[in-house]
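Written below as structure tokens is the structure these notes are about.
These figures come from a predicted structure and were not determined experimentally. Counting begins at 1 with the first residue of the sequence.
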Amino acid sequence: MEVRRRGRVQGKRRRRKRFTRGMTKTLFLFLAFVFLLFVALVARIYMLNRDHGDAYKKQVFAQQSYTNKVLKYRRGAIKDRNDTILAQSVRRFRLVLEPKTMLADDEVKKETVAQLVQYFQADAPTLEKLIADNPNSMYQYVEGYGELTKEQVSEFQERMKENKKIQGVWFEETFKRIYPLNTIASNIVGFTAAENEGTYGIEGAYNEQLNGRTGREYGYFDASMNFQRTVKKASNGNSVVLTIDANVQRVVEKMIKKYDQDVGAKNIAVMVMNPNNGEILAMASQNSYDLNNPRDLSSMYTQEEIDAMDETASTQNLMAMWSNFCIAFAYEPGSTFKPFTVAAALDEGQAKDSDYFQCPGVMNIAGTEIHCSLRSGHGNISLQKGVMESCNCVMMQISSKLGRDQFSKYNRVFGFGQKTGIDLPGEATGQLHEKEDLNPVELATSSFGQTQSVTMVQMAAGFSSLVNGGDYYQPHLVKEIQNENGAVVENVTPVVVKKTVSENTSRLLRKYLLATVEEGTAGPAKVAGYRIGGKTGTAEKRPVKDKNYLVSFLGCVPADDPQAVVYVIIDEPNVEEQAHSTYATEFASKIMKKILPFLGIYPETN
């Protein structure tokens, strides 16, 4: 038994040895086969790459985008009626580096940086840091080099052609908004913020028209390694042509600045308007600023004052500087409102050209004594004389005849208490008494321009209708829209919004206004050779105890066939006695003498 057991054990051992030897041989053969297969695969790859590598590269490149570039549009220009450029976008270039390209070769990087330092006076450590901090980037804008000219770029590109070691540099096209006349018409034009976003003025109101649409350029290699490019062109913006005359605007602004320096006032503002179509020919105040540097407050404040401002005060002062006084500021007009009261009474038959009135110098209205401009009284006075001598008592009597209903109706007819619709942002409405609140005292004071507030553009537009035959034109600053080639794509047609008064009433008003300048209170507004019609205003400001006044002149020329309406406001002149409209009438005379020839309005030969 023992012998048989040992035999079985030995048999098992022999079989196990034979199995192990078989497995080893099999494994060896398998590994040899894998090795041979790997060698054959490497050889095949080598031969394929040698014989067909270019073809495979082409197939790979054909599936890869080569370029995907945004093409920027040019924002349209803003021009005056004579094509003088007020705002335009000029082509500029930004310096862009490719750190990854430059770091691939140390000699390339050194030479490229050296050439940038030499040509652009760039700072070498700044460039080195920009490259080192962004080793994998293919786009790094170099701060401070975003307004390179075409000439600068072209010259450097020539260097790149001559010196192949200058690599990883390119120039991105962009546009910079510039304002060639700097401060001229700043409160009309407005300015742009980042990404061509118009702010204030025409830039803001016509932002969509001025802006174009970006384009895009796609490029890639096809299967034959030919570069294929697809371009969707950018669409440039339209240009906006204004109704203003830059020469007239410049003269007006220069004279405002001189008056502010010589005399000074809280506010000085001037408007010039064509009464026959609503076109604004000039619009200015002393809070102008440099459109190329709109956050610079130095035009209105000393450096000491600017340094003392906190962030809130600085922001408030900037907004005040950017605002347009002529449309955004409401005030009590004073006696320049009287022609509107007279016109309403004439149109409603509550007064006639032949009427006479008694002016005792003071009237008791519902227990309140209200004085005339002449405290001793004008005595027996005609309607025309009432306008000429600016008689408050005449106005109170005819407004009493009109009553609250008709007076309130004509306030609205003349456009007060509502926006005119002028094509500028930020227009104010002023404040009127509600019809129910026009009690005897309020009706009396409103008749001569106190206790209700208006804006300059409301007054100019309403007054234009009084002297042009009764047509109320919507005031506007845009004359037409042009495409990038200068072709007119939109004409701004003058809009007659409503009829305010009859032709006969308008004729009488023109006669009264001429007499006011020739023989009445507006005498200092005369200009040699011209027939000027107009009305003065001396509005007492609240609180009355401060004895501050807003003085003004609102007139037209030629008086019998007006081609221009001129409105001047001097708010709180820096003089001891403010309550004299002479400051405004004399200033208006000087302005008209200079600007009328620019407007094609010349002195009469007789």
State, without any angle test, whether [X] and [Y] hold a side-chain donor-acceptor pair at a distance under 3.5 Å.
X	Y	result
S502	N504	no
S390	S373	no
N276	Y473	no

Around [X], counting heavy atoms of other residues, nucleotides and ligands shown, do more than 12 lie under 6.0 Å from its [atom1]?
X	atom1	value
K498	NZ	yes
Q431	CD	no
K541	NZ	yes
K499	NZ	yes

Rounded to the nearest 0.5 Å, how far apart are [atom1] of [X] and [atom2] of [Y]?
X	Y	atom1	atom2	result
E348	K401	CD	NZ	13.5 Å
N439	I365	CG	CD1	12.5 Å
R81	N247	CZ	CG	11.5 Å
I244	L281	CD1	CG	9.5 Å
N182	D290	CG	CG	5.0 Å
S186	Y200	OG	OH	12.5 Å

Give me the atom names and distance for the closest heavy-atom approach of [X] to [Y].
X	Y	result
S323	N287	O-ND2, 3.2 Å
G430	A330	CA-CB, 3.8 Å
G534	A522	O-CB, 4.2 Å
M395	G386	CE-O, 4.2 Å
N392	H371	ND2-O, 3.1 Å
T243	H476	OG1-O, 3.4 Å

Self-check item: Pair E332 + R542, salt bridge at N-O below 4.0 Å
Solution: yes

Self-check item: Salt-bridge criterion met for D355 and K352 (N-O under 4.0 Å)
Solution: yes

Evaluate the side-chain proximity of [Y] to [X]: yes if any heavy-atom separation is below 4.5 Å, no if none is.
X	Y	answer
Y530	I601	yes
N267	Y331	no
L318	Y289	no
Q474	T420	no
M300	E305	no
L599	V272	yes
T183	S299	no
I422	I280	yes

Practice problem: Establish, yes or no, whether a centroid distance under 6.0 Å links the rings of F587 and Y259. | Solution: yes

Exercise. Indicate the ring-plane relationship of F337 and F407, choosing parallel, tilted or perpendicular according to the 30° and 60° boundaries.
Key: tilted

Self-check item: Candidate pair V501 and L346, rule side chain to side chain contact (heavy atoms under 4.5 Å, CB included), full reasoning
Solution: CA-CA 9 Å; V501 295; L346 287 169; over 6 Å; no

Quiz item: After noting the C-alpha distance and the side-chain angles of K435 and D405, does the key distance pass the side chain to side chain contact (heavy atoms under 4.5 Å, CB included) rule?
Solution: CA-CA 7 Å; K435 183 171 67 174; D405 289 349; 3.1 Å; yes

Exercise. Write out all pairs satisfying side chain to side chain donor-acceptor pair (under 3.5 Å) with one or both partners inside residues 575-597, taking only residues at least two apart or from two chains.
Key: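 Every side chain to side chain donor-acceptor pair (under 3.5 Å) pair that includes a residue of residues 575-597, provided the two are not neighbours, is N548-Q578.
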
Self-check item: Sequence neighbours excluded, every pair satisfying side chain to side chain donor-acceptor pair (under 3.5 Å) that has a member inside residues 455-466
Solution: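 Sorted pair list: S465-T500.
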
